[in-house]
Amino acid sequence: MTDKKYLMIVDHEVFSTSRPSYEPPAMKLITDLILKGIHIELEEVLDCGTREFHRTGERVFDGIILYLSSKSDLLWNEETMNLKIKKTPSSKVIDLRGKQLKDCISKLKGALKPASNSINVLKQELIKSVELGSNLRAEMIFKVLSTTDIFDKKEAIHSLSNVSKSNPLLMRFVLFLDSHPNEEQIILPSKDVIQNIKIKKKLVGLALMNSSISVDKFNLIIKENDDEMMGLRSLFLSSKSIFSANTFLSINKGKDIMSPDELSAFIRAYWAEDSQLLEHWSSIDKMNINAWEMLTRLHWNQNLKAECFRLSTIGLKYHPNDPNLLRRKAHGKREEGKHDEAIEIELMLLDTTNLSKLDTLIYLCRSLHAIKEWGHLLYYASLGLEINVENNELQAKKLIASEQQPTSESICPLQIVSEEIIAQPENTIPSNPQTPKEESKLQK
């Protein structure tokens, strides 16, 4: 039997912006239905009247539950609420005005399933809504899920902090949380405006729960403003999650929660040369390619080639198609004298990425020269010279290859023999990838 979905029409108070954690009677009904495995979504009755279904869009439901105050009896009916466009031909409308919860449950008897069913589906809908920037829908789903103890609100907030469009929602979601034991003692920077204090104290309280510092230590760092960046660095290194790190940086700079791109830009501006901080960043934000890109580049620039190779290999576990990490892995293979493996990587990069084709041909020719593959060296050096006829390195290698390779032999391009297929990466190119000039500079 397929899972059925129900829409509950509720009064404005359920979505009160001034009291997001307020629990009117409707919330108890939602809790009971969710725990019985019934998929529930909500719409405000006023929005139904204007045909503006902000939270459910064009979705239709297997059933509609009317849970309105007694004052709504004369104001709303199926027609004035435009329910026809939210129904399938077989949908039932259950009017609970003035009725008991058991009346609703008895009518939904056939839909009962384990609570995990409906909760898991709603979690996926929550993530999708945040990714799409559908804030009203995301907040509605978060509110529905928050009615049960099965849903871990703190874990959800941490997970959603990695989604680029989650910033304004996180500021709302924290209001559903219980207070940190020492929340009132938290000191915020004076640059914070008064209306944000409650929200930001909750954010800091949640961040402190995923860090290695206490409220007293946090307050001490805030008070000692002699070296603000050192204080922020200390807070960042104390964080055990990227949510905590981002919260500490954002709050202390007087900002709302930064997006992943904004956070990356902040770190690039202030700590691009800080190996310890970059390594910690990559450990708490493994899916952020910028963390790995900056960390490996720093080690290469510092001539720590073995460490750069090691870190690139780790980063590729999380970003297997990233061209910059693949290039740095190839550098490591060349350093180790494993030119066959380096050639495999460069062939992939030659065909599948937008890195400099000239640079890739130069690296490819270096490995071919090292293993004395004269025919293929001649072929790829010639390709490179078609791009830049004045490249001295390729001119020299072509000359050497011409002297070693009989002109009568026909040379075909190398084929990738590895079974691993590297696809064109999607959204994994760093916001400031290495230019051909930078990459060439590393190798010289």
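Sequential numbering from 1 along the given sequence is applied to the chain's residues.
Ion pairing between a basic and an acidic side chain is recognised when a charged N comes within 4.0 Å of a carboxylate O; Glu43 and Lys86 show no such pairing. Salt-bridge annotation for Lys143 and Glu139: absent, with no side-chain N of the basic residue lying under 4.0 Å from a carboxylate O of the acidic one. Glu336 has no carboxylate O lying under 4.0 Å from a charged side-chain N of Lys305, or vice versa, which leaves the two without a salt bridge. Here Asp32 does not pair with Lys36 in a salt bridge; the nearest charged N to carboxylate O distance is not below 4.0 Å. In this structure, Glu131 does not pair ionically with Lys128, as no charged nitrogen and carboxylate oxygen lie closer than 4.0 Å.
Closest approach of Ile85 to Val60, counting heavy atoms only: O-CG1, 3.6 Å. Closest approach of Ala342 and Ser367 over heavy atoms only: CB-OG, 3.8 Å. Closest of all the heavy-atom pairs between Cys48 and Phe53 is SG-CE2, 3.5 Å.
Judged purely by distance below 3.5 Å, without hydrogens or angles, the side chains of His39 and Ser118 never pair a donor atom with an acceptor atom. Of the N and O atoms on the side chains of Ser250 and Thr247, not one donor lies less than 3.5 Å from an acceptor on the other residue. Judged purely by distance below 3.5 Å, without hydrogens or angles, the side chains of Arg55 and Ser134 never pair a donor atom with an acceptor atom.
Listed for the Arg59 side chain is a donor-acceptor partner under 3.5 Å among the backbone atoms of Thr56. Using modelled atom types, one side-chain atom of Thr31 and one backbone atom of Thr147 make a donor-acceptor pair closer than 3.5 Å. Side chain of Thr313 to main chain of Phe309: a donor-acceptor pair is present (N/O by atom type, distance under 3.5 Å, no hydrogens or angles).
Here the CG-CD distance, from Leu311 to Glu293, works out to 13.0 Å after rounding to the nearest 0.5 Å.
With sequence neighbours excluded, the residues that form a salt bridge (Lys or Arg N to Asp or Glu O under 4.0 Å) with Glu341 are Lys333. Applying the salt bridge (Lys or Arg N to Asp or Glu O under 4.0 Å) test to Asp62 and every residue at least two apart in sequence or in another chain returns nothing.
Each of Arg334, Arg366, Lys329, Lys357 was scored for a salt bridge (charged side-chain N to carboxylate O under 4.0 Å, His left out) with Glu346, with one residue passing: Arg334.
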(message) Before you tell me yes or no, could you show the steps for Asp285 and Asn290 under side chain to side chain contact (heavy atoms under 4.5 Å, CB included), namely the whole-Å CA-CA distance, both residues' side-chain angles and the distance that decides it to 0.1 Å?
(response) CA-CA 10 Å; Asp285 198 10; Asn290 290 295; over 6 Å; no
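The aromatic rings of His280 and Phe236 lie perpendicular to each other, with more than 60° between the two planes, well past the 30° mark.
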